[in-house]
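Data block below; observations after.
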Amino acid sequence: MQENNLQYAIHKRTSLPPKSRKEILSGLRKKKFRKNFFALSLVAPLFLLLLLVFIVPIFSLLIKAVDSPEVLESLPRTIEQIGKSNWQGDDLPDDSIYKALVEDLIYLENSQDPNDVGKIGRLAKRLNHEIAGFRSLIIKTSRRLNQDTALDNSKELLISIDSRWSENRYWRVIERNSNRYTLFYALASLDLTYNEYNEIVSVDQEKATFINIFIRTIVTGIAITLSTLVLAFPLAYWMSHLSTSKVNIVMIFILGPFWISVLVRITSWIVILQNQGIANKSLIWFGVIDEPLELIFNKIGVFISMTHILLPFMILPIYNVMQAISKNYQKAAISLGSHPFGAFWKVFVPQTYPGIGAGCVMVFIVSIGYYITPALLGGARDQMISYYIAYFTNTVLNWGMASALGSLLLITTIALYIFYDKFLNNTQRNNT
């Protein structure tokens, strides 16, 4: 602002010769450029870090969820011939497509190029995701073919090797995956698939799993969020009325678990909640129960452990808002005739909504992405979406499916952030 005023003053001063004015303005521009460059150079390392560890991985995740190059890279002749022949999938492909498939399979089976190693296995595995048994069909056919195979009667040859090559549905799958990018994994994460006519339909009821897992993840996240809110709100309210020295002591107990590994805390809960643990022995000793309760390897253990681990994420934002609220508001409401509880509920609580919202968002987002706690304390039916992301990444090596599930979780998180932002804006608007 000052530089702009100075430039205006220089332009207005007629006593300065034009050359001097240009030199002064040029110096001001250079000084401004150096200042901006210095500011950007300070921010550049942070931006580069965010780019490398946040933006690029998320972009790669979204791309991998729709990237499926196995068919296009392994069967280039077949895909090219399907495009040339304009085959629509209503009947069997013509002889040229059969011939192209034979050429591709012979090449993959006998290629010495290191880039082609494992291609036929990846192709068979990818097609088997669409139709069970496609893997055995590809492997069986490729092993029966050799470099001396006659290509004149390729159609009859393939059908004689396996009669499934006379079924349109196998060829439709190849044609559907002729592009590098496909919605197959994204649809599979929503329990959807393509039928034999390339229409999007729901999978069979007995095969529908991911929607139920996702619902279980959301329900678990909501339950953990509510439980931490119920425990954190009165504690934060009590802390907001303490002196600074006492609050510091309470904070040590709240933040103390952060200094301990999550794995150690979960192991401690296993010791406490097992059949011969402290919890069951105490309940039996007090006569509350006669036999030990099953508190681990089920939802109860997951619920207790995650509530304990995530409780500080709810306490801190709520307390931060509460300690900034003046005590005079409630006193003024009571002096005007309001009941003490009414003053608390209608005057104090609405002012804590930003803290409650921030705590709920943090706890919910962290809880739906939790992996180690359900894996160690939960049973087979208590695993959340993160468990299956890890399963597809490390065990099955199906990165496309893992990326699709991760993208679904990412979209949910972004939607929650948008909802919270609107909620916060509406709250601030109402308060003003």
Side-chain angles (χ1 to χ4, degrees), residues 65-109 119-145 149 151 153-211 392 396 398-401 404:
V66 296
D67 186 21
S68 183
E70 294 86 357
V71 177
L72 184 62
E73 293 177 354
S74 302
L75 304 177
R77 299 175 183 84
T78 307
I79 299 303
E80 181 183 1
Q81 197 59 43
I82 288 176
K84 289 181 179 179
S85 64
N86 294 321
W87 177 68
Q88 302 298 322
D90 298 327
D91 50 9
L92 287 177
D94 55 35
D95 293 343
S96 62
I97 298 177
Y98 276 93
K99 180 180 178 180
L101 178 62
V102 171
E103 291 176 347
D104 284 327
L105 293 179
I106 291 176
Y107 174 79
L108 291 176
E109 185 68 21
K119 269 189 177 181
I120 197 164
R122 292 192 293 270
L123 169 68
K125 182 180 179 180
R126 173 64 184 85
L127 294 175
N128 199 71
H129 291 326
E130 305 245 8
I131 299 180
F134 215 140
R135 183 180 184 280
S136 62
L137 175 60
I138 292 292
I139 299 299
K140 174 184 176 181
T141 304
S142 62
R143 288 178 178 175
R144 293 280 298 273
L145 298 174
T149 300
L151 301 178
N153 299 312
S154 300
K155 184 173 184 178
E156 291 77 5
L157 174 63
L158 289 179
I159 295 175
S160 65
I161 292 175
D162 197 303
S163 60
R164 286 176 289 182
W165 288 117
S166 63
E167 299 180 28
N168 270 6
R169 61 190 186 122
Y170 291 93
W171 289 99
R172 289 196 187 100
V173 170
I174 295 176
E175 187 274 334
R176 185 167 62 238
N177 289 277
S178 58
N179 294 320
R180 182 181 181 90
Y181 299 103
T182 175
L183 294 176
F184 174 76
Y185 293 123
L187 294 174
S189 66
L190 298 172
D191 289 334
L192 300 174
T193 187
Y194 291 102
N195 62 10
E196 58 180 333
Y197 302 105
N198 286 345
E199 299 171 339
I200 298 175
V201 297
S202 300
V203 300
D204 297 335
Q205 192 64 32
E206 60 272 11
K207 296 181 180 179
T209 56
F210 295 115
I211 289 296
F392 282 112
V396 184
N398 188 346
W399 292 353
M401 195 67 218

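For this chain, numbers begin at 1 and follow the sequence in order. Note that the coordinates shown come from a computational prediction; the quantities given were computed from them, not determined experimentally.
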Look at the side chain of [X] and the backbone N and O of [Y], then say whether any donor-acceptor pair between them is shorter than 3.5 Å.
X	Y	answer
D191	V203	no
N177	V173	yes
D94	I97	yes
D95	N153	no
D67	Y181	no

Carefully, step by step, assess Y98 and L157 under the rule side-chain contact (heavy atoms from CB on, under 4.5 Å).
CA-CA 9 Å; Y98 276 93; L157 174 63; over 6 Å; no
Mark yes when over 12 heavy atoms from residues, nucleotides or ligands other than [X] sit less than 6.0 Å from its [atom1]; otherwise mark no.
X	atom1	value
R135	CZ	no
W399	CH2	no
K155	NZ	yes

Within this structure, what is the [atom1]-[atom2] distance for the pair [X] and [Y], rounded to the nearest 0.5 Å?
X	Y	atom1	atom2	result
D104	L123	CG	CG	9.0 Å
R143	L105	CZ	CG	12.5 Å
L75	E103	CG	CD	12.0 Å
I106	T141	CD1	OG1	11.5 Å

Shortest non-hydrogen contact between [X] and [Y], atoms and distance:
X	Y	value
N128	G133	OD1-N, 2.9 Å
S96	Q81	OG-NE2, 3.2 Å
L72	S178	CD1-O, 3.2 Å

Any [X] side-chain heavy atom under 4.5 Å of [Y] side chain:
X	Y	value
L108	S74	yes
N179	I79	no
R180	E73	yes
L92	N168	yes
I200	T193	no
V71	T78	no

Audit row: W165, L137, side-chain contact (heavy atoms from CB on, under 4.5 Å) steps and yes/no:
CA-CA 9 Å; W165 288 117; L137 175 60; 3.4 Å; yes
Both conditions, 6.0 Å and 45 degrees, for the charged tip of [X] above the ring of [Y]: are they met here?
X	Y	value
R172	Y194	no
R176	F184	no
R126	Y185	yes

Would you check, one step at a time, whether the test side-chain contact (heavy atoms from CB on, under 4.5 Å) holds for H129 with N398?
CA-CA 10 Å; H129 291 326; N398 188 346; 3.3 Å; yes
Test side-chain contact (heavy atoms from CB on, under 4.5 Å) on S136 and R164; report intermediate values, then the result.
CA-CA 11 Å; S136 62; R164 286 176 289 182; 3.6 Å; yes
Qualifying residue, where the test is side chain to side chain contact (heavy atoms under 4.5 Å, CB included) with Y170 and the options are I131, D162, I138:
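The single option meeting the side chain to side chain contact (heavy atoms under 4.5 Å, CB included) with Y170 is I131.
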